[in-house]
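Everything on this sheet refers to the single structure shown next.
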Amino acid sequence: MNFTKEQVEKHIAGVEKRLKSRDERNLQGYVLGKLCYQAGMHEDGIRYLSGYLTVKPSDYKAQKLMGQLCEARGDIGKAMGHYKKSLSLKKDQRDLITALAELYCKQPVEGVKPEDIEKCIEMVQTVFRSHPVLLTLNEKRLAITGKPDHASVEKMLSKQLASSQDIDIHIRLVKLYAESGRQMKALQYCQALNNTGAFFHHMEWQLCCVDVAEACFELQQSSGKSEPAVMLEVSIAILECFTHIFELRTSGSFVATDQYALLLKFDKLLSVGVKLISEQRSLLYTMVLRELAGQFYLMAGQFLHLCWLKAVEDHRVSTAANSDLYLKLSIACLMASLNALPPSLLPRGEMEVKVMERWHLLACSRLCAVGKKGTNTMGYVL
């Protein structure tokens, strides 16, 4: 239970009246310091706890609390010193090991000694089989000892992924590929992970995939030797991510300007894809682009419907004619999406079947969404 500053001050005043000597006050310092910490009275907490530590310097709980008070005040150096002292008195404090490691990660490179980082890594590895902070500590160690080695960092990331499928590690690995000039490898990694469907509903991952794919697209355009097949594959990768981003944004807080900008980018890139497919004459990609067109009409229909709802809430739809225009345009887009048939699942090569199964599922989800949204929207008109 946390207390307010006024309650703590009143309690401390009552306690101090009962204390007869400095020694008695020092012995009460831990309890008073903890109350001050909970109430955000960091300076007072440090003062009471300092007195307590003069009497009982080997109390690991008091050393830990002093570290927390110093950290809250912004004195990171002193906080780390007290955390280390507490851990030297009791080694198996898992939460404190993590807190100390995270402070090391936040320290500037020039403010950390290599041997301190090594000790911290060993300490974390002793308690945790795997922990995300280990990766950051190892990166910090590489930065301290010299120029970061991409191969070493990649090895660490891969090792971390063997025991943890944390999305942040995947993102860092993709960014590492891109930073080391391996944009296409980064894109292939994104596509391979997207094929599993594991992170379709993770916004940060989808935005990362878009950044990588757009970088590949620009690289192809600027190289002067762009390959239409590669350009088409990259375009489709971006468009697929756009569909997931639109869905995630729509299910959250609706911002019309963001969704409108996304639809414009989608429309422009879809036109590029249609132009490229005419040069490739690929049945597989033709069906994929047809599905993406269906997705575009679904998104446009949803966007118009949400704009109408927003306008009604804001009392900006003043006439029945304006109301009908929003809804009729929404229905037209939804009907256009309904007319886009799902990709065929006729037997082809094994790889093509796997790809089309994913797009077929996306199409089924689209048709369900069209039916649900279309019924609601037409209900308003009728």
Side-chain angles (χ1 to χ4, degrees), residues 150 153-154 157 167-252 255-280 282 284-286 288-300 302-303 355 358-359 362 366:
H150 288 301
V153 177
E154 183 179 342
L157 287 166
I167 185 61
D168 291 332
I169 302 174
H170 286 293
I171 291 172
R172 289 167 80 166
L173 185 56
V174 167
K175 288 181 177 179
L176 177 69
Y177 288 145
E179 288 167 3
S180 57
R182 294 175 287 172
Q183 281 83 3
M184 285 308 298
K185 185 173 179 64
L187 178 62
Q188 289 164 3
Y189 188 92
C190 290
Q191 289 175 314
L193 199 55
N194 279 336
N195 286 340
T196 68
F199 300 117
F200 278 165
H201 302 295
H202 197 291
M203 178 65 82
E204 191 177 356
W205 170 251
Q206 293 300 328
L207 292 173
C208 175
C209 291
V210 169
D211 289 340
V212 168
E214 287 181 340
C216 289
F217 192 86
E218 291 172 6
L219 190 64
Q220 282 285 314
Q221 283 185 319
S222 61
S223 66
K225 298 179 182 179
S226 59
E227 301 176 31
V230 176
M231 293 281 283
L232 182 58
E233 184 179 349
V234 175
S235 300
I236 289 172
I238 298 172
L239 290 169
E240 184 180 4
C241 289
F242 280 170
T243 62
H244 299 307
I245 291 171
F246 184 93
E247 181 183 355
L248 288 168
R249 286 178 176 172
T250 303
S251 61
V255 180
T257 52
D258 291 345
Q259 298 293 64
Y260 180 67
L262 186 65
L263 286 171
L264 288 179
K265 290 174 72 174
F266 195 109
D267 184 40
K268 184 178 179 180
L269 195 56
L270 186 60
S271 299
V272 172
V274 170
K275 184 179 179 181
L276 289 168
I277 200 68
S278 64
E279 301 172 12
Q280 293 300 299
S282 165
L284 174 69
Y285 284 138
T286 298
V288 169
L289 282 177
R290 187 182 299 152
E291 173 54 30
L292 285 167
Q295 293 288 337
F296 173 76
Y297 283 118
L298 169 62
M299 291 188 294
Q302 291 175 324
F303 173 76
V355 172
R358 184 162 56 84
W359 285 100
L362 193 63
R366 166 179 58 84

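As the structure is a prediction and not an experimental result, all values here were calculated from the model.
The nearest pair of heavy atoms linking A213 to V234 is O-CG1, 3.1 Å. Nearest heavy atoms, L276 versus S235: CD1-OG, 4.2 Å. Closest heavy-atom contact between L187 and V212: N-CG1, 3.5 Å. Nearest heavy atom pair, residue A256 against residue F303, reads O-CE1, 3.5 Å. W205 approaches I171 most closely through the heavy-atom pair CE3-CG1, 3.7 Å. Contact detail for C216 and Q183: the closest heavy-atom pair is SG-O, 3.3 Å.
Going from atom CD of E291 over to atom CG of L239 covers 12.0 Å, rounded to the nearest 0.5 Å. Between atom SG of residue C209 and atom NE2 of residue H170 there is a gap of 11.0 Å, rounded to the nearest 0.5 Å. The structure places SG of C190 at 11.0 Å from CD1 of I238, a figure rounded to the nearest 0.5 Å. Here the CG atom belonging to L219 is positioned 10.5 Å from the CE atom belonging to M231, to the nearest 0.5 angstrom. We find the OH-CG distance between Y297 and L292 to be 13.0 Å, quoted to the nearest 0.5 Å. Here the CG-CD1 distance, from L157 to I169, works out to 7.0 Å after rounding to the nearest 0.5 Å.
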Legend entry - E154/K185 under salt bridge (Lys or Arg N to Asp or Glu O under 4.0 Å): CA gap, chis, key distance, verdict: CA-CA 13 Å; E154 183 179 342; K185 185 173 179 64; 5.3 Å; no
Inset, instruction - Evaluate side-chain contact (heavy atoms from CB on, under 4.5 Å) for H201 paired with E247, printing each intermediate quantity in order. - result: CA-CA 9 Å; H201 302 295; E247 181 183 355; 3.8 Å; yes
Legend entry - Verdict with supporting geometry, E240 and W359, side-chain contact (heavy atoms from CB on, under 4.5 Å): CA-CA 10 Å; E240 184 180 4; W359 285 100; 3.8 Å; yes
Legend entry - Audit row: R172, L176, side-chain contact (heavy atoms from CB on, under 4.5 Å) steps and yes/no: CA-CA 6 Å; R172 289 167 80 166; L176 177 69; over 6 Å; no
Inset, instruction - Could you walk me through whether D211 and V174 pass side-chain contact (heavy atoms from CB on, under 4.5 Å), step by step? - result: CA-CA 10 Å; D211 289 340; V174 167; over 6 Å; no
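Proximity of a side-chain donor or acceptor of Q206 to a complementary backbone N or O of F199 within less than 3.5 Å is detected. Put simply, the side chain of Q295 never gets that close to the backbone of R366: no donor and acceptor are under 3.5 Å apart. A donor-acceptor contact shorter than 3.5 Å links the side chain of S271 to the backbone of D267.
Using a 4.5 Å heavy-atom threshold, the side chains of L289 and L232 count as touching. With a 4.5 Å cut-off on side-chain heavy atoms, E204 and D168 count as touching. Residues R249 and M203 have side chains in contact (heavy-atom distance under 4.5 Å, counting atoms from C-beta outward). Using a 4.5 Å heavy-atom cutoff, the side chains of L262 and Q259 are in contact.
More than 12 heavy atoms of other residues, nucleotides or ligands shown are found within 6.0 angstrom of CZ on F296.
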